[in-house]
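First up is the structure itself, then whatever we jot down about it.
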Amino acid sequence: MATSTVENYLKSILRLQRRSGSTAVGEVARELSLTPGTVTTMMRHLSGEGYVDYQPRRGLRLTPDGESAALRVVRRHRLIELFLVQVMAMDWTEVHEEAEQLEHVVSDRLIDRMDEMLGRPTRDPHGDPIPDAEGNIVAMEALPLAEVESGMYRVVRVSDQDPDLLGWLDEKGMTIGEEFELSHCNRAAGVLEIVREEAERLQMGMQVAERVFVESVSA
Ligand SMILES: [Zn+2]
């Protein structure tokens with residue numbers, strides 16, 4: 001059984017390698033706020049344990065064993081978040097931190113019970129897909145709002161990492177599934193404007209728009 005430190009490394013590598021299929025010691029170090037030396041030492045250890053393919057100065061990636069261990073942690077994290085929101089009536093701004101702790105300590109038995117109680121859900125409160133018990137996960141096609149052209153969009157996911165962002169979205173009443181028109185996007189000034197129901201206009205900065213993920217809605 002992996003320690004919580006190991007589990008956090010595996011989770012980060014899974015996230016970082018999503019785009020290009022591999023990552024690097026420097027990227028992992030930045031993500032976890034550690035020195036490259038510390039990460040290198042851990043990569044040698046994880047390589048010995050069979051969790052990562054690591055060769056100095058080359059890319060770094062999870063082995064199939066590493067990937068399934070990482071997906072197990074992601075599954076626990078997202079089911080716990082959903083459980084805390086749906087059953088414990090907690091807010092989506094406050095569940096991420098709790099899940100960061102609990103994901104390392106709950107048993108598989110408890111997680112399966114939560115999964116069953118929640119009706120085998122496929123999305124967490126922030127719209128992230130929940131891997132099933134076999135580690136299958138739905139691929140997400142969503143793009144950050146900051147990167148799309150004008151048009152009609154639906155919110156499918158928001159970053160769970162920043163309580164301030166989630167609090168701001170709450171204040172504006174924005175939830176997963178909301179549809180709106182991206183009417184104006186001024187990348188030079190770092191702001192964009194969306195038109196919501198009843199012609200309500202809402203401006204947001206690019207920093208927010210980078211963490212709100214959307215899919216196109218055909219008219
Ligand atoms: Zn989370």
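Order of listing sets the numbers, starting from 1, for every ligand and every atom in it.
Annotation: protein N, O or S atoms under 2.8 Å of the Zn ion (ligand 1) (waters excluded) comprise H77 NE2, E81 OE2, H96 ND1, D160 OD2.
Listed here is the closest heavy atom pair of W92 and H126: O-NE2, 3.0 Å. Scanning all heavy atoms of the two residues, the minimum distance from L62 to A70 falls at CD1-CB, 4.1 Å.
Comment: E134 does not engage R72 in a salt bridge, judged by the lack of any side-chain N to carboxylate O separation of less than 4.0 angstrom.
Side-chain contact, H77 with E103: a donor N or O sits under 3.5 Å from an acceptor N or O.
The only option from D108, D132, D115 that meets the salt bridge (charged side-chain N to carboxylate O under 4.0 Å, His left out) definition with R75 turns out to be D115.
A cation-pi arrangement is present between R157 and F213 under the rule of less than 6.0 angstrom and at most 45 degrees off the ring axis.
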